[in-house]
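When reading the values below, keep in mind they use all heavy atoms of this one structure, side chains included, and skip hydrogens, waters and symmetry mates. Residue numbers begin at 1 in each chain, while the letters A, B, ... track the order of the sequences.
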Amino acid sequence: AVVSTQSGLTSIGVRGKDSACVITQRKIPDKLVDEETVSHIYRVTKHSGCVMTGMIADSDMQVSRARYEAADYKYHYGYEMPPDMISKRLADIGQSYTQIAHMRPLGCCLIMIGWDEEKGAQLYRVDPAGFFCGFRACSAGTKQTESNNYLEKKIKKNSMMNETEVIQTAIAALSSVLAADFKPSEIEIAVVSDRNPVFRKLTEAETDEQLNILAERD
Amino acid sequence: SSGINAEWPLRPGFQVEYAIKAVENSGSVIALRGKDGVVFGVEKIITSKLYEEGSNRRVHSIDTHIGAAVAGLLSDARAVVNRARDDAADYRSTYQVPIPLKSLTERLGKYIHHFTVYGSLRPFGVSVLLGTWDETNGAKLMEIDPSGTVRGYYGCAVGKGKQNAKTELEKINISNMTCRELIKEVAKVIYSVHDEVKDKHFELELSWIGKETRGTHELVPQALYDEAKKFAEDSLVDSDDDDTDM
């Protein structure tokens, strides 16, 4: 199952002092595809969302389940399901698929970011084996080993990044690992932070701004 | 594990690869999303002269406002189309409005995906192309493949001639053309990717939904159908002439 998450795309998540972001590639296979329908970033609750890497149909199923679990939690407990609880629930479900004979593991890896009042911005990664963990930085997909190496060096230098630095690090990591300069339409970025705890995707203009900041810095 | 699916490794995507092969061996299906609607064209390969013309439909209506064209195992296709119709009827009964294409494709996608997850089930060997048009939102075209993946398109081709068809489709300025113009283009592409040697006889099935049909999915009227067929046959002859000149 871990092998099948190699969908050809790579995704990266980074968490700083008070914010977290996820970034993924956005490859549009050919001109005939309607670009508006291509996205791997999904909102799960108001303050959390995820990027899915791997088989698209399996990803949709997991996101649906995440949204359902979150809604159910809110109904039962009266408050929004925190990202660590969502991740734990999805991980447990994923684990059961590896153990139940007539089911198969889902071929997709989930990197979730979210914000809650108690812990602030958080970053979690859930893989098909049902393993999940909170991270300062993580990655999934084809270039995950290279990405992790790059991120380890950056986090070692500075683990208390502000929002802009978090986004910059994520973009720089993806750029470096894929050896590519991106156009705003080729990547998708989503952010949560103390400043703006609502999970949101950056618009093309905002992505462009971030790419420019990175280019000028170099 | 035992049972009919004992020999299939429960590796994600393994069974689905074979289901996708079933689709790739089917007659070509092409759909185009134009300015004012969606056009479907199917290369219905006829294996026997005894078959009645117009039977074994490959394009279906889901409710009145959604058209579905199918490729792959036709018995599986019937199951999928029936499910889509049930979903649409349910939605209308609950919400008193026709089901939006997005809702239908989400549900159908998850339904089809469901059959890829359990060991006791096998995936559908079908790809469905779904299209709709309405006054407010314009035209929309979506494809669901055997893995349950839902994608949106301006132009989509599945089946035998998929690769060649896609190359042809990229040359057409699809989103700026009207349905009337696109009907002819669809017919032309189907005729051009049809393999005369391997599959002698085929029937062309054309349907559309758009402004001209007031948002109802219908088979293309006979006059337009004949015009499109002639256009397609003529363009084949023209390209043959080019070949012989060389």
Side-chain angles (χ1 to χ4, degrees), chain A residues 1-9 26-40 42-43 52-69 90 93-110 126-130 140-141, chain B residues 1-3 5-6 8-17 30-33 101-102 105-107 109-121 123 139-157 162-163 165-175:
Chain A
V2 174
V3 171
S4 67
T5 58
Q6 322 298 20
S7 61
L9 299 183
R26 189 166 178 251
K27 274 196 208 151
I28 300 185
D30 59 57
K31 266 191 346 187
L32 297 170
V33 172
D34 184 352
E35 330 72 49
E36 285 175 3
T37 64
V38 178
S39 172
H40 290 90
Y42 305 86
R43 168 194 292 282
M52 303 291 316
T53 320
M55 295 169 69
I56 300 178
D58 289 1
S59 307
D60 280 351
M61 179 177 169
Q62 246 200 336
V63 168
S64 269
R65 189 66 192 266
R67 288 171 173 162
Y68 163 77
E69 295 288 335
L90 290 178
I93 293 168
Q95 188 280 333
S96 68
Y97 293 165
T98 67
Q99 203 167 11
I100 294 176
H102 63 280
M103 292 203 66
R104 63 166 178 84
L106 293 180
C108 55
C109 190
L110 183 144
V126 180
D127 75 13
Chain B
S1 53
S2 59
N5 293 306
W8 290 101
L10 287 181
R11 180 156 57 89
F14 197 80
Q15 263 193 317
V16 170
E17 279 171 41
I30 297 175
L32 298 179
R33 171 187 151 187
L101 187 65
K102 184 164 182 278
T105 52
E106 275 177 16
R107 287 163 193 236
K110 293 194 170 77
Y111 179 71
I112 291 176
H113 175 256
H114 182 256
F115 285 77
T116 69
V117 180
Y118 294 93
S120 53
L121 301 170
K140 266 228 160 298
L141 172 64
M142 312 285 272
E143 180 221 2
I144 309 179
D145 74 3
S147 71
T149 306
V150 180
R151 294 190 187 91
Y153 285 93
Y154 293 113
C156 185
K162 172 171 136 162
Q163 282 307 115
K166 278 195 180 222
T167 323
E168 297 282 318
L169 291 181
E170 287 190 3
K171 296 180 198 155
I172 309 172
N173 186 358
I174 304 171
S175 17

Hey, could you give me the CD/CG distance between E170(B) and L32(A), rounded to the nearest 0.5 Å?
5.0 Å
Please check if atom NZ in K110(B) has more than 12 non-hydrogen atoms from other residues, nucleotides or ligands closer than 6.0 Å.
yes
Need one label for I174(B): side chain, backbone, both or neither, based on atoms under 4.5 Å from any heavy atom in chain A.
side chain
From R151(B) CZ over to I28(A) CD1, what is the distance, rounded to the nearest 0.5 angstrom?
12.5 Å
I'd like to check D30(A) versus K166(B) (side-chain heavy atoms, cut-off strictly below 4.5 Å). Are they in contact?
yes
Could you tell me if the side chain of T116(B) sits less than 4.5 Å from the side chain of R104(A), heavy atoms only?
yes
Do you know the tightest heavy-atom contact between E35(A) and Y154(B)?
OE2-CE1, 3.2 Å
Distance (rounded to the nearest 0.5 Å) between R107(B) CZ and S64(A) OG:
11.0 Å
Sub-4.5 Å side-chain heavy-atom contact between K140(B) and D34(A)
yes
State, to 0.1 Å, how close A57(A) and S147(B) come at their nearest heavy-atom pair, and which atoms those are.
CB-O, 2.8 Å
